[in-house]
Amino acid sequence: MNTPTLIVILGPTGIGKTSCAIELAKHFRSPIISGDSRQIFKELKIGTAVPSQEQLNAVKHYLIGTQSITQYYSAYEFEQDVLKLTQELFQQHNPLILAGGSMMYIDAACKGIDELPTIDAELRDDLFEQYEKERIEPFRRMLKQMDAVYYDQVDLKNHKRVIHAVEVCMMTGVPYSSLRKNKATERPFNLLKIGLNTSREKLYKKINLRVDQMISDGLLDEARLFHPQKHLNSLNTVGYKELFDYLDNKLTLNEAIELIKRNSRRYAKRQIAWFNKDKETIWFEPLDIENIIRFVEQTLKTQKRPV
RNA sequence: GGUGCCAUAGCUCAGUAGGUAGAGCAACGGACUGAAAAUCCGUGUGUCCCUGGUUCGAUUCCAGGUGGCACCA
């Protein structure tokens, strides 16, 4: 038997990963696993650009709408889900396709993420409350005491990292740094990473148009529906948080829409910076489906090696 | 056609009593292993409209042009 291959379609938001993945899926008769940290929530549809019903009918998709916005989910859970799914699906299919732009989720699926304890909700809430009142300084002091190694590495201005390290130390009783292996684990399958990108000008045009489309598709109604739960982490999401500010009368609707566009552009920039670091990725223009298929076929041939 | 005002970063504008310039927004670069569509860090990107004049030196002063706006015909 040959080692199966997971084709990973990645790239900035709005570039066209969904339709590219579907073309590949049709060609190779593969199902698609979504690598998207927001499409996984069943309540979020318009703002996360989930595939259309037609697209979902054409190709079997996994990990879309499997969680509720009230549930805890993270890159670790995602890795577990992907490993389970690939093991199952490779029985029947090869290659498989993983498509998405959630940087850390994609990395977790491709090379694993360290196992850490899940933090008690109560502890997390307490610490967050303390942060609201006392800001970051006390957490820096705690971290310095509990984990001097990580204290020297961490970005001390980034409260999320500092607090997270503190809560892990408190939860486990050992230094956070002692649990961080940060070492890639081997997968029982080949990885073929296809990056989609284009000129900044074209990308931004696509993003801006897509935001306008989401608005006319009813994004505001979707946001209004979840407005009462706006504090949920899953709703700290571009497209929703700006509309919550409009619903709270902090912005006009137009200002909110412009901010959704800007924040989407900035998100795209961060994705590009992250994905550019991975030298394994082969980059294509999003409409270059023919070449992508040809390239994948070539690579699959050379990858065919006995286990 | 005449008169007046304006022309500085991608946009809106500030400024230089003559020594080549700075804010906001936008943009750009980056970090990041369990909240990641999150969070955090860094960076002015400029024929100061054009051509002459005065001056050691003009984005700044003067003249003429060009473009925009307003008013008068």
Side-chain angles (χ1 to χ4, degrees), chain A residues 11-15 17 34-41 44 46-50 67 69-81 100-121 123-125 127-128 131 136 139-140 150 153-165 167-168 171-172 176-185 200-201 203-204 207-208 210-211 214 219 223 231-244 255 258-278:
Chain A
T13 185
I15 191 69
K17 296 183 291 292
S34 163
D36 191 300
S37 69
R38 292 300 189 259
Q39 287 181 7
I40 199 146
F41 296 113
L44 308 184
I46 298 171
T48 60
V50 292
Q67 302 290 315
I69 51 175
T70 56
Q71 283 173 293
Y72 176 78
Y73 196 79
S74 75
Y76 180 73
E77 281 76 28
F78 181 75
E79 180 196 3
Q80 301 308 306
D81 285 346
S102 297
M103 307 162 269
M104 199 162 62
Y105 281 30
I106 299 293
D107 275 7
C110 293
K111 57 188 191 200
I113 194 164
D114 289 326
E115 187 162 359
L116 294 171
T118 299
I119 309 300
D120 287 345
L123 174 61
R124 174 157 281 186
D125 291 347
L127 292 181
F128 187 70
Y131 170 72
I136 198 170
F139 292 93
R140 288 183 185 150
Y150 190 65
Q153 299 169 357
V154 73
D155 174 1
L156 288 168
K157 291 184 175 162
N158 189 327
H159 68 275
K160 289 216 177 192
R161 304 255 161 76
V162 173
I163 295 173
H164 183 241
E167 63 188 7
V168 171
M171 198 73 198
T172 60
Y176 175 54
S177 56
S178 71
L179 302 170
R180 268 164 56 96
K181 304 280 185 288
N182 204 357
K183 217 179 130 219
T185 48
R200 220 32 93 78
E201 200 187 354
L203 175 62
Y204 285 3
I207 288 175
N208 294 340
R210 189 166 82 156
V211 171
M214 285 176 179
L219 182 57
H231 59 278
L232 291 174
N233 179 63
S234 50
L235 291 172
N236 186 349
T237 296
V238 174
Y240 297 90
K241 56 183 175 181
E242 297 86 355
L243 290 176
F244 294 153
E255 286 169 341
E258 286 311 305
L259 274 178
I260 294 173
K261 291 177 182 174
R262 185 198 72 185
N263 290 338
S264 299
R265 295 193 293 265
R266 290 182 175 174
Y267 173 49
K269 252 156 52 84
R270 276 178 275 131
Q271 290 173 299
I272 292 167
W274 176 290
F275 290 134
N276 269 339
K277 277 190 300 184
D278 187 343

Does [N] have a Watson-Crick or wobble mate here (both distances under 3.5 Å), and if so which one?
N: B:G44; result: none
N: B:A14; result: none
N: B:C61; result: B:G53
N: B:U66; result: B:A7
N: B:C71; result: B:G2
N: B:A21; result: none
N: B:C32; result: none

When the nearest nucleotide of RNA chain B is assigned to A:His164 and to A:Tyr267 on a heavy-atom basis, which residue is associated with the more 5' position?
->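 Looking at RNA chain B, the more 5' nearest nucleotide goes with A:His164.
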
Residue whose closest nucleotide on RNA chain B lies nearer the 5' end, A:Lys111 versus A:Tyr131 |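 Comparing both residues, the 5'-ward one is A:Lys111.
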
Nearest heavy-atom neighbours spanning A:Tyr240 and A:Thr48 |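 Where A:Tyr240 meets A:Thr48 most closely, the heavy atoms are OH-N, 3.9 Å.
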
Minimum heavy-atom separation for A:Tyr267 to A:Gly101, with atom names?
->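 Here A:Tyr267 and A:Gly101 meet closest at OH-O, 3.5 Å.
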
Under 3.5 Å, is there a donor-acceptor pair between the side chain of A:Arg140 and the main chain of A:Leu156?
->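 It does hold such a pair.
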
Would you say [X] and [Y] make side-chain contact, with heavy atoms under 4.5 Å?
X: A:Val50; Y: A:Leu44; answer: no
X: A:Glu77; Y: A:Gln71; answer: no
X: A:Ile272; Y: A:Arg200; answer: yes
X: A:Lys261; Y: A:Glu258; answer: yes

Under 4.0 Å, heavy atoms only, any strand: does [X] hit a base, just the sugar-phosphate, or nothing?
X: A:Gly239; value: nothing
X: A:Lys241; value: sugar-phosphate
X: A:Arg270; value: base
X: A:Tyr204; value: sugar-phosphate
X: A:Glu115; value: base
X: A:Asn236; value: sugar-phosphate
X: A:Lys183; value: base
X: A:Thr13; value: nothing
X: A:Glu79; value: nothing
X: A:Ser234; value: nothing
X: A:Tyr240; value: nothing
X: A:Asn263; value: nothing
X: A:Thr48; value: base

Any [X] side-chain N or O less than 4.0 Å from OP1/OP2 of [N]:
X: A:Lys157; N: B:U39; value: no
X: A:Arg38; N: B:A38; value: no
X: A:Tyr73; N: B:A35; value: no
X: A:Arg161; N: B:A38; value: no
X: A:Asn233; N: B:A36; value: yes

Can you measure [X] atom [atom1] to [N] atom [atom2] for me and round it to whole angstrom units?
X: A:Ile113; N: B:U33; atom1: CD1; atom2: C1'; answer: 4 Å
X: A:Arg200; N: B:A26; atom1: CZ; atom2: P; answer: 16 Å
X: A:Met103; N: B:A31; atom1: CE; atom2: C1'; answer: 11 Å
X: A:Phe78; N: B:A36; atom1: CZ; atom2: C1'; answer: 12 Å
X: A:Glu201; N: B:C28; atom1: CD; atom2: P; answer: 11 Å
X: A:Leu235; N: B:A35; atom1: CG; atom2: C1'; answer: 12 Å
X: A:Lys277; N: B:A36; atom1: NZ; atom2: C1'; answer: 12 Å
X: A:Arg180; N: B:C32; atom1: CZ; atom2: P; answer: 10 Å

With rounding to whole Å, what would you report as the distance between [N] and [M] at their [atom1] atoms?
N: B:G15; M: B:C48; atom1: C1'; value: 11 Å
N: B:G19; M: B:C32; atom1: P; value: 45 Å
N: B:A23; M: B:C61; atom1: C1'; value: 26 Å
N: B:G46; M: B:U8; atom1: C1'; value: 8 Å
N: B:A9; M: B:C49; atom1: C1'; value: 15 Å
N: B:U59; M: B:U16; atom1: C1'; value: 8 Å
N: B:U20; M: B:G24; atom1: P; value: 22 Å
N: B:U54; M: B:C72; atom1: C1'; value: 35 Å

Is there a donor in the side chain of A:Arg210 and an acceptor in the side chain of A:Thr13, or the other way round, less than 3.5 Å apart?
->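 Looking only at side-chain atoms, A:Thr13 and A:Arg210 do form a donor-acceptor pair, the distance falling under 3.5 Å.
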
Given B:C25, B:A35, B:A36, the nucleotide with the shortest approach to the side chain of A:Trp274 |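 Between B:C25, B:A35, B:A36, the one nearest the side chain of A:Trp274 would be B:A36.
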
